[in-house]
Undergrad: 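Quick one: the structure is below, questions incoming.
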Number of protein chains: 2
Amino acid sequence: MTNRPYHHGDLPTALLAQAEQTLRERGAGALSLRELARDTGVSPAAPSRHFKTKQALLDALALTGFERLAETIAASQESAGESFAERLDAAARAYVGFAVANAALLDLMFSAKHSPEASQALGATAHRWSEQLLGLISDGQRRGEVREGPLERVALPVFAALHGFADLTVSGMLPENAAGYGLDDVIASVLRQCRPE
Amino acid sequence: MTNRPYHHGDLPTALLAQAEQTLRERGAGALSLRELARDTGVSPAAPSRHFKTKQALLDALALTGFERLAETIAASQESAGESFAERLDAAARAYVGFAVANAALLDLMFSAKHSPEASQALGATAHRWSEQLLGLISDGQRRGEVREGPLERVALPVFAALHGFADLTVSGMLPENAAGYGLDDVIASVLRQCRPE
DNA sequence: ACCTGAACACCGTTCAAGT
DNA sequence: ACCTGAACACCGTTCAAGT
């Protein structure tokens, strides 16, 4: 362990790592730049060199979230079967699993608070992730297991259903017993809405 | 206009009204109890008599949001047709319309930050609202326009799809052109997943 | 280029004291 | 019961100055 050299080494990464831990353990409200600086062993003004503002750090945090979400879903496809139903099932469980395991982060990722410019960068990364879903559906169409139609237009309702369930779960708006049957039913309903005539 | 009597008259209501205006005009990040107190012509410590903490005020704000959402959806049913398709269409547009018109408030309503106790009160009010949707679907089942099954289990995927689309819209995560066809497609997909075999 | 130290204007919350 | 005034410990952000 270096004993606090003048240059930290990789302050931006250290700040983000610390921020994510605080987010997970104590929620978004407990995130303070000064505390982050203290925990990283650096002066209160140091973070501003790398994140011009607190919101900029939050935006960066959300971005890493989208990246990890994309990886999580990609991983779910590795061990999934071939059929559309199996692949959708795996992706849906991966998404909701990520949401539950990273509730505060998901909140941040889909909050309306992002700066206009950051929203664009986020949109780009979110797009990379949504391509997973698009590929899955496109495959299903080729296999004849998903109805025809423009890819994005078939995909959006699927996306909405999965994200909606994840968000409702995370925000605690689901009835007690919904945890049991909820996800299964959502997946079934997506399959129903996707299947060809 | 009374010239600032010692007792405000109805400080809690005044604070909530001011808070909602600030929320709409400048977002959740700009909400400060001290500023609220200033704008209401009251001392910095006054709000604490009515909202023990800032989070308590935010919870109360979210609660009024759910109440207004319930009213908005109820109103949409007044002028809607009789069929399930027409009534779902009206409710969906009312929901998404509310979401777009009250983006920051919706964010607050479905954020994961609510205190454990407040979540229960919120859940109760949210439940009152979801009953609108349940009634709608129950009606559809009676008319033979919606597939059979336990009401909550048929309703949850519908709820997820509508909320998911509203949330994606509000958080700016939708592709540019999705505004045009998005809602129509989501409604169509919900109808497809609801219809009897 | 990267960071410190000190400063500025602001917070949320508490608590004695006033009406 | 409801509110004020003053205080406390904390913020985010800026900027000269140091390495």
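Keep in mind it's a predicted model, so treat the numbers as computed, not measured. Residue numbers begin at 1 in each chain, while the letters A, B, ... track the order of the sequences. Any value given below was found using the heavy atoms of this structure, including those in side chains, with hydrogens, waters and symmetry copies removed.
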Undergrad: Quick one: does Thr169(B)'s side chain get under 4.5 Å of Leu183(B)'s, heavy atoms only?
TA: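 No, every pair of side-chain atoms sits at 4.5 Å or beyond.
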Undergrad: What is the distance from CG of Leu36(B) to C1' of dC10(C), rounded to the nearest Å?
TA: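 Leu36(B) atom CG is separated from dC10(C) atom C1' by 15 Å.
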Undergrad: Reckon Thr53(A) has a side-chain N or O less than 4.0 Å from the OP1 or OP2 of dT13(D)?
TA: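 So the side-chain polar atoms of Thr53(A) do come within 4.0 Å of the phosphate oxygens OP1 or OP2 of dT13(D), strictly under.
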Undergrad: Is Glu35(A) salt-bridged to Arg26(A), going by a charged N under 4.0 Å from an acidic O?
TA: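 Yes, charged N to carboxylate O under 4.0 Å.
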Undergrad: Find the distance Leu15(A):CG to dG12(D):P and express it as a whole number of Å.
TA: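 Value for this atom pair: 12 Å.
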Undergrad: A side-chain contact here means heavy atoms from C-beta on lying under 4.5 Å apart; do Gln18(B) and Gln21(B) qualify?
TA: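 Yes, their side chains come closer than 4.5 Å.
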Undergrad: So what is the 5' to 3' dot-bracket string for DNA chain C, if pairs are Watson-Crick or G-U wobble with both distances under 3.5 Å, crossing pairs use [ ] and | means the partner sits on another strand?
TA: ||.|||||...|||||.||
Undergrad: Scan Val190(B), Asp185(B), Leu191(B) and name whichever one has a side chain to side chain contact (heavy atoms under 4.5 Å, CB included) with Ile187(B).
TA: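 Of the listed options, the one satisfying the test is Leu191(B).
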Undergrad: Does Ser48(A) reach a base, just sugar-phosphate, or nothing at all? Heavy atoms under 4.0 Å.
TA: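 Base, at least one base heavy atom under 4.0 Å.
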Undergrad: So, are Glu20(A) and Arg68(A) salt-bridged, with charged N and O less than 4.0 Å apart?
TA: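 Yes, charged N to carboxylate O under 4.0 Å.
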Undergrad: Nearest whole Å is fine: how far is dC10(D) P from Arg26(A) CZ?
TA: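 Result: 12 Å.
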Undergrad: I want to confirm an ordering. Mapping Glu35(B) and Arg49(A) to their closest nucleotides on DNA chain C, which one lands closer to the 5' end?
TA: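 The residue whose closest nucleotide sits nearer the 5' end is Arg49(A).
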Undergrad: OP1 or OP2 of dG5(D) sitting under 4.0 Å from any side-chain N/O of Ser43(B)?
TA: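 For dG5(D), OP1/OP2 do not have a side-chain N/O of Ser43(B) under 4.0 Å.
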Undergrad: Charged N to carboxylate O under 4.0 angstrom, Asp184(A) versus Arg93(A)?
TA: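 Judged by the 4.0 Å cut-off on N to carboxylate O distance, Asp184(A) and Arg93(A) do form a salt bridge.
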Undergrad: I need the CG-C1' distance between Leu57(B) and dG12(C), as an integer number of Å.
TA: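 Atom-to-atom, Leu57(B) to dG12(C), this comes out as 12 Å.
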Undergrad: Start at the 5' end of DNA chain D and walk down; is the nucleotide closest to Ala46(B) or to Arg34(B) reached first?
TA: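 The residue mapped nearer the 5' terminus is Ala46(B).
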Undergrad: Looking at His50(A), does any N or O in its side chain come under 4.0 Å of the phosphate oxygens OP1/OP2 on dA1(C)?
TA: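 His50(A) to dA1(C) OP1/OP2: no side-chain N or O under 4.0 Å.
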Undergrad: Name the closest nucleotide to the Val42(B) side chain, picking from dC3(D), dG12(D), dT4(C).
TA: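 Taking heavy atoms from C-beta onward, the closest nucleotide is dC3(D).
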Undergrad: I need the CG-C1' distance between Leu11(B) and dT4(D), as an integer number of Å.
TA: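 So the two atoms are 13 Å apart, to the nearest Å.
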Undergrad: Could you state the atom-to-atom distance from NZ of Lys52(B) to C1' of dC2(D) in whole Å?
TA: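 Result: 16 Å.
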Undergrad: Whole-Å distance between dC10(C) P and Leu33(A) CG?
TA: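 Checked: the CG to P distance equals 19 Å.
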Undergrad: Side chain of Gln77(A), backbone of Arg87(A): donor and acceptor closer than 3.5 Å?
TA: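 A pair under 3.5 Å: yes.
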Undergrad: Rounding to an integer number of Å, can you tell me how far Arg38(A) CZ sits from dA9(D) P?
TA: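 Interatomic distance, CZ of Arg38(A) to P of dA9(D): 14 Å.
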